[in-house]
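Below: the structure, in structure tokens.
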Amino acid sequence: MLWRAGLVLLLCWGSTGERRHQPRDSPEREDPTSKLQADSASVSTRQQRSPPPVEPLDFGFVPSGVYDTHAYYEPGAIGALFHMVHAFLYVVQPNPFPKDLIVKVIQQNMGGIKLEDYRSYLSNNVVSVLLQTIYYEAGFLVCVSLGCVFLVLTPMVGLCFCVCRCCENCGGEMHQRQGKNPDCQRGFYTAALITTSIFITTGVLIAHAANHNITSQIKSTRRFISTNMRDLKTFANNTPAQIDHLTAQYTTAKNKVLSDLDNIGPLLGGRIQTQLEKEVVPSLDTALRMAGALRESKEALESVSSSLDVLHEGTSRLALRLTYERTSLSNTLSDPACTNGAVSRTCNNIRITLPQLGINSNFSGLPDVSPQLASLEIVLKTDLSNILQKGYSSFNDTPRLVQQQTKNVVAGVKAMLDKIGVEIIGFSKMFPVEASLANFTIFLSQGQKNMEAYYPQIDQMDFYRWIGCVAVLCSVVLVLTFNFLGLLCGTCGYDKQATPTTRGCLSNTGGNLLMAGVGFSFIFAWVLMGLVSAGFVVGGNIEKLFCEPLANRQLFKIIDTPYMVHPAKKNFLPGMLFQNPNINLTVGSMYRDCYDNNGLYHALQLETMFNINTFLKTTVFNKDLVKVFDSVSIDLQGIVLLEEDGRDNLLTFSNAGIGDINYAAYLAEVNKGVTLVDLLSFSNELEAQADLLPRGALENALKGHASSIRQIHREQVVPMEQAMSTLSQSIRLLQRTAKELPVKVTNVLSAIDEAEYLITHNASRVVKQERDVYMQSLVGYFRQYTDWVKNSLTGEVSQCKPISNLIDSMEIVACSFIVDSVNTFWFGLGGCCVFLVPSIILSVKLAKYYRRMDTEDVFEE
């Protein structure tokens, strides 16, 4: 009754909450999460990508108490006796638990069957029910029948035995006839009586151990009561703190949502920018590359202009030097020494090569690039790179625009979150949980005091019980005392040389003690068997019909049988606790959940009365929150990627005339050599010809000319070649830049126009898409909170382990402490009763060999 009262007291607020909040569960209310799911489905249809993972939140640990009760009992050495008794009962009663039969009986007596049906069923099936009962109790009936026979026959046989012996029959005649092997017979009877007495002693010890076990386990019962009460108080005291922790952790989710709302610019605006930059940034990057190409083109034109100036000047100077060198060399060859035979041939060969000393390139005919250079200088007066950087900056300013334009929405959402928090806290304070649990704790304390007040009376009653059981055992011990003293006196006083009429006093005393034991056996045996039979019937049936089915939970199945107590009441437990028998709650399921230390909300299936999901959906997932985010409107038309000056700049660049330059003429000239002949080769050949001449002034003069030609190459030809190389690179760069330049500029401008059109006209789609994703992330935090609340209610809040501990403790106290001990007591005492029968027979037989006879047989030789 304690646990039932506690549960009802604890759960009264749940039923009240269900009634007060039932309208929230009505079909007219729209589930706000359905719109979120629809929006999420549309987003996934438009763009096949998963939303970003929601950051996991840490809600901490639900405060929990430590339960002291360990509902486990290890009987120790006496457990072997318990198992022996269980095995004996299984032999007596091997039939399975009669669940169906008990259910029928309970239904007949509890009104589960209507009166008319009951009369009809009774008239038609009374024999069947009776036969099933007899079949199940067959073993008990047989044993009880044997006990009754023993109970009736023992005093009758004892009376007849006494009367018969008084008439000097049945061994009453004090005369011992001589038989064959009397010593062997006496030894056999002695050994058999000792063995029988040992078995009786064992039965006494078993019964005494069971008797003592009951007394010793009363202290453990007090411990179980104390720890169970303490656990129930811990359960009641922790529940308010656990509920407060659940409601307080809404702040964790709310603070995370507020943090994301404060950073809506970087979060939402950043995601919008990320989606738009796929189109915007490439177009700006292309335009920026065009700005770089513009600067490179100007530098290339400047390089062409400067290279042409260098080449014009160098060509004039080189032509003068080569003309002078050619004239001087011709004068040298006019020397009279060149007229001699072999020398003249060499001089002629040199004279033939003199026309090769001349200019090969003519740069004066190349077109001037000054107009194009002037056009580019005008274009570069407008800094296109700076204009494009402004476009980058304008586009990168999207988070700030979002932050600024959603300021009012964020403020409204924050106010709404504060209101939801107030609703949750107000709801938790709406029901008198703390007051009810405080009353429950007081109830437990008062109940414990009341039980402790009975402890002295229980101890006194247990003492009387213990004295009574010891008195019963003392009756058996009295018989054993006579048996063992008789055996001791008879054995010690027995004289083989003495005749039956001359036996000693000690031997005669032993025989009399054995006969006294027989007399007391007849006096006590039937009383003991009556006690054994009563204990066997009561204790055995309690073990088979209550303890065993309670241990294997078959008893719960009986209680959980649908419509057992009434045809209109399906389940017993919810009908008793909540007056609603249609809830699918059973004692077995509640016990299993409590045994696993789950929460009371899950164990009692309180979601059928107060659905926390419905409350959280209508409170945390408020549809007004969805409406607020649906009203979010972000205008990105203020973003300008390329100003008009930048457009004009690109168009002017495309019309600067770079493509009109005669690149073929330039390339033709730069591909020519500076001179008609390589001056180094010419000077080397001239030295080789001079070496063919005889040593003298002519040879030295020619070598001097070769040295002058090398100097001309080093000082004038090499710089001109470098200038020509620079001119070639610049011309080729300009040629590459000028190739399809108008088309490229047009493509760049078209790409920028498309990006701006996307921002201006199609950004609303991206904004809605990313807004829904952002809203899903916020809702994800609340979903984490609601899932955590549901999981905590299932497994951590109001963990009902004390309820299963209470049931297990009652099973341990009732079955292991009491029933097993009582059954062991009658089992040991019953063994004593059984072995008293052979003890009587053996004592009567053996007394003949110890008592002094009046007459004896005399044999003459």
Side-chain angles (χ1 to χ4, degrees), residues 75 78-94 137-158 192-193 195-214 465-466 468-483 517-518 520-548 815-843:
I78 200 173
L81 300 179
F82 293 166
H83 289 302
M84 187 164 53
V85 174
H86 293 164
F88 173 75
L89 289 176
Y90 178 77
V91 172
V92 173
Q93 171 54 284
E137 295 287 339
F140 285 100
L141 293 176
V142 170
C143 292
V144 170
S145 299
L146 294 176
C148 292
V149 170
F150 186 94
L151 183 66
V152 173
L153 291 182
T154 300
M156 294 178 62
V157 171
L193 183 58
T195 303
T196 302
S197 299
I198 290 174
F199 279 115
I200 296 174
T201 303
T202 303
V204 171
L205 293 177
I206 290 174
H208 179 69
N211 182 39
H212 180 73
N213 185 67
I214 296 176
R465 179 205 57 78
W466 186 85
C469 292
V470 169
V472 171
L473 295 177
C474 285
S475 64
V476 182
V477 172
L478 180 62
V479 174
L480 289 174
T481 302
F482 285 126
N483 284 353
V518 171
F520 282 110
S521 296
F522 278 117
I523 293 173
F524 296 127
W526 66 277
V527 177
L528 297 179
M529 182 54 72
L531 295 176
V532 169
S533 298
F536 169 71
V537 172
V538 176
N541 279 286
I542 291 177
E543 172 67 26
K544 299 298 290 187
L545 295 177
F546 177 75
C547 292
E548 280 189 9
C815 295
S816 299
F817 290 176
I818 299 176
V819 174
D820 282 347
S821 299
V822 169
N823 288 340
T824 304
F825 180 81
W826 62 250
F827 180 77
L829 193 61
C832 295
C833 293
V834 171
F835 284 102
L836 282 176
V837 174
S839 173
I840 292 172
I841 298 172
L842 294 172
S843 295

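As a basis for the values below, the full set of heavy atoms in this structure was taken, side chains included, without hydrogen atoms, waters or symmetry mates.
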Report all side-chain donor-acceptor pairs from residues 828-835 shorter than 3.5 Å, counting only partners two or more places apart or in another chain.
none

Just list the side-chain donor-acceptor pairs under 3.5 Å for residues 471-478, sequence neighbours left out, or say none.
| unit_1 | atom_1 | unit_2 | atom_2 | d |
| --- | --- | --- | --- | --- |
| Ser475 | OG | Val472 | O | 2.4 |

What pairs of donor and acceptor atoms, side-chain ones from residues 79-88 against any protein atom, are under 3.5 angstrom apart with sequence neighbours left out?
| unit_1 | atom_1 | unit_2 | atom_2 | d |
| --- | --- | --- | --- | --- |
| His86 | ND1 | Phe82 | O | 3.4 |
| His86 | NE2 | Asp820 | OD1 | 3.0 |

Can you give the donor-acceptor pairs under 3.5 Å from side chains of residues 524-539 to other protein atoms, not counting sequence neighbours?
| unit_1 | atom_1 | unit_2 | atom_2 | d |
| --- | --- | --- | --- | --- |
| Trp526 | NE1 | Ile523 | O | 2.9 |
| Ser533 | OG | Met529 | O | 2.9 |

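Contact between Gly540 and Leu89 at its shortest, heavy atoms only, is CA-CD2, 4.0 Å.
In terms of the side-chain contact (heavy atoms from CB on, under 4.5 Å) criterion, residue partners of Thr202 (sequence neighbours excluded) are, by chain and number, Ile198, Ile206. With sequence neighbours left out, Cys547 forms a disulfide bond (SG atoms under 2.5 Å apart) with Cys815. Every residue was checked against the salt bridge (Lys or Arg N to Asp or Glu O under 4.0 Å) condition with Glu137, not counting sequence neighbours, and none meets it. Taking Leu205 as the reference, Thr201 meet the side-chain contact (heavy atoms from CB on, under 4.5 Å) condition, with sequence neighbours excluded. Checked against side-chain contact (heavy atoms from CB on, under 4.5 Å), Ser197 has the following partners two or more places apart in sequence or in another chain: Leu193, Leu480, Asn483, Phe484. By the side-chain hydrogen bond (donor to acceptor under 3.5 Å, both in side chains) test, Ser821 pairs with Asn213, sequence neighbours left out. With sequence neighbours excluded, no residue forms a disulfide bond (SG atoms under 2.5 Å apart) with Cys143. Residues passing the side-chain hydrogen bond (donor to acceptor under 3.5 Å, both in side chains) test with Glu543: none are found, sequence neighbours excluded.
The structure places SG of Cys148 at 10.5 Å from CG of Leu153, a figure rounded to the nearest 0.5 Å. Taken to the nearest 0.5 Å, the CZ atom of Phe825 stands 14.0 Å off from the NE2 atom of His212.
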Would you check, one step at a time, whether the test side-chain contact (heavy atoms from CB on, under 4.5 Å) holds for Phe546 with Val819?
-> CA-CA 10 Å; Phe546 177 75; Val819 174; 5.9 Å; no
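No more than 12 heavy-atom neighbours from other residues, nucleotides or ligands sit within 6.0 angstrom of CZ on Phe199.
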